[in-house]
Amino acid sequence: YRGIQLFNDSKLEEALPFFIDGQKSENLIVKNRSKYWEAESLYRLKKHKEALSKFRILKNKLNTYENEFIQLDYNLGYSNFKLKNYENAAKSFENFLKRDSLNINVKDDAYVRLGDSYFAIRNYNKAINSYTKVILNEGADADYAQYQKGMSYGFLEKNQEKINALTNVVNNYTVSSLKDDALFQLANTYTSIKDIEKAHQAYNRLTEKYPSSIFLPKSLVRQGLLYY
């Protein structure tokens, strides 16, 4: 399996001809594996449209999902997501998440991307449900899911729920690159509901804790306007 060796060495362009050639095999297992790895190579080469087409063809030809193709719907979800086909991405991630015995990290990632897909098509309630699963599992992207959950509540005009979620981003995660962003959004939300004292507290915390934040210039301007 020279193609797999090249794939594992990130020599994707060199691997492709081996996967294409493998599809001429009369052995159905070899043929299907070759189709899968061709599609995966195309995806990693950022040829998402071609990858999506190949993944779809393979899915339509498989009668059942062998274990080695357990991530096919996950691949379809990502291919659609990259092409901004968010409704189709959501369907594929939903199909993937129906399977048993999924790797926990891949499962959490699928829930994040499912949430992002619903967020993109403004189905904020379903987005919140997906993000909540990641938060409860304490997945690797739980802080991101918490932040996105807060923003989803904001679009639903549920300000208190938004505040709770964003406060969790700031207080509940030892390491997160989203804390300054969450503080900025918190300050803006407090401003919008006329809780000026808490808006000042959020802006001050942002200034003190994250002096190099990209949000600092806007924060200083907006906080200055609170005095008028």
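Note that the structure is predicted; figures quoted are calculated from it, not measured.
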Report whether Ile193 and Met151 are members of the same hydrophobic cluster (ILVMFWY, side-chain heavy atoms less than 4.5 Å apart, transitive linking). yes

Check: Asn105 and Asp109 side chains under 4.5 Å, non-hydrogen atoms: no

Aromatic ring centroids of His200 and Tyr227 under 6.0 Å? yes

Whether Asp21 side chain and Pro17 backbone form a donor-acceptor pair below 3.5 Å: no

When you compare the side chain of Asp141 with that of Asp108, does any pair of heavy atoms fall below 4.5 Å? no

Hey, are the side chains of Val106 and Phe96 touching, using non-hydrogen atoms and a 4.5 Å cut-off? yes

If you measure only the distance, is there a donor-acceptor pair under 3.5 Å linking the side chains of Glu94 and Tyr118? yes

Would you name the heavy atoms of Ser79 and Ala51 that are closest together and state the gap between them? OG-CB, 4.3 Å

Treating Tyr43 as the side-chain partner and His48 as the backbone partner, does any N or O pair qualify as donor plus acceptor under 3.5 Å? no

From NZ (Lys35) to CD1 (Ile20), nearest 0.5 Å: 12.5 Å

Once you round to the nearest 0.5 Å, how far does CG of Leu166 lie from CZ of Phe184? 12.0 Å

Side chain to side chain, Arg56 and Asn80, heavy atoms closer than 4.5 Å: yes

Might you work through the side chain to side chain contact (heavy atoms under 4.5 Å, CB included) test for Glu197 and Tyr190, ending with a clear yes or no? CA-CA 8 Å; Glu197 183 181 351; Tyr190 282 128; over 6 Å; no

Ignoring hydrogens and geometry, is there a side-chain-to-backbone donor-acceptor pair from Ser130 to Lys126 under 3.5 Å? yes

Please report the C-alpha distance between Lys59 and Asp73 in whole Å, then the side-chain angles of each, then the deciding distance to 0.1 Å, and finally whether the salt bridge (charged side-chain N to carboxylate O under 4.0 Å, His left out) criterion is met. CA-CA 8 Å; Lys59 181 175 180 179; Asp73 278 311; 2.9 Å; yes

Determine whether the aromatic ring centres of Phe119 and Tyr86 lie less than 6.0 Å apart. no

Rounded at 0.5 Å granularity, tell me how far CG in Leu102 sits from CG in Asp100. 7.5 Å

Trp37 with Ile57, same ILVMFWY side-chain cluster at under 4.5 Å: no

Asn204 side chain to Gln223 side chain, donor-acceptor N/O pair below 3.5 angstrom: yes

Tyr173 and Gln146: CA distance, side-chain angles, deciding distance, side chain to side chain contact (heavy atoms under 4.5 Å, CB included) verdict: CA-CA 10 Å; Tyr173 300 95; Gln146 190 80 255; 3.3 Å; yes

Please say which of Asn172, Asn164, Asn171 ends up in a side chain to side chain donor-acceptor pair (under 3.5 Å) with Asn168. Asn172

Quick check: does any side chain N or O of Asn85 sit under 3.5 Å from a backbone N or O of Asn88, one acting as donor and the other as acceptor? no

Counting heavy atoms not belonging to Lys54, are there more than 12 under 6.0 Å from its NZ? no

Least distance between heavy atoms, Ser25 atom then Lys31 atom: O-CE, 3.0 Å

Strictly by modelled atom types, are Asp116 and Tyr144 linked by a side-chain donor-acceptor pair under 3.5 Å? yes

Could you tell me whether Tyr36 and Phe69 have their ring centroids closer than 6.0 angstrom? yes

Say whether Gln5 and Asp9, considering side chains only, have a donor N or O and an acceptor N or O under 3.5 Å apart. no

Connected via hydrophobic side-chain network under 4.5 Å: Tyr203 and Phe215: yes

Please answer: with hydrophobic residues joined when any side-chain heavy atoms are less than 4.5 Å apart, are Leu186 and Ile196 in the same cluster? yes

Assess whether side chain to side chain contact (heavy atoms under 4.5 Å, CB included) is satisfied between Glu40 and Phe55, documenting all intermediate values. CA-CA 8 Å; Glu40 182 67 24; Phe55 281 131; 3.7 Å; yes

Could you walk me through whether Asn159 and Tyr153 pass the side chain to side chain contact (heavy atoms under 4.5 Å, CB included) check? CA-CA 7 Å; Asn159 285 319; Tyr153 276 127; over 6 Å; no

For residues Asp143 and Ser177, report the shortest heavy-atom separation together with the two atoms involved. OD2-N, 4.2 Å

Between the main-chain N or O of Thr189 and the side-chain N or O of Ser192, is there a donor-acceptor pair closer than 3.5 Å? yes

Can you find a pair of side-chain heavy atoms, one from Leu16 and one from Leu45, that are under 4.5 Å apart? yes

With Leu52, which of Leu76, Leu42, Asn75 fulfils side-chain contact (heavy atoms from CB on, under 4.5 Å)? Leu76

Quick check: closest heavy atoms across Val134 and Ala145, and the distance to 0.1 Å? CB-CB, 4.0 Å

Closest heavy-atom contact between Ser219 and Thr207? OG-OG1, 4.5 Å

Any chance you could lay out the ring-ring contact (aromatic ring centres under 6.0 Å, His included) test for Phe93 and Tyr111, step after step, and finish with the verdict? CA-CA 8 Å; Phe93 287 126; Tyr111 271 121; 9.9 Å; no

So, taking the atom named CG in Asn188 and the one named NZ in Lys162, what distance separates them when rounded to the nearest 0.5 Å? 7.5 Å

Just verifying a value: how many Å separate Lys82 NZ and Lys84 NZ, rounded to the nearest 0.5 Å? 11.0 Å

Give me the atom names and distance for the closest heavy-atom approach of Gly77 to Ala89. O-CB, 3.5 Å

Hey, are the side chains of Ser92 and Tyr74 touching, using non-hydrogen atoms and a 4.5 Å cut-off? no

May I ask you to test the Arg222-Thr191 pair for a side-chain heavy-atom distance under 4.5 Å? no

Let me check something: do Ile214 and Leu183 share a hydrophobic cluster, defined by ILVMFWY side-chain heavy atoms less than 4.5 Å apart, either directly or through other members? yes

What's the separation between atom NZ in Lys133 and atom CD1 in Ile128, rounded to the nearest 0.5 Å? 12.5 Å

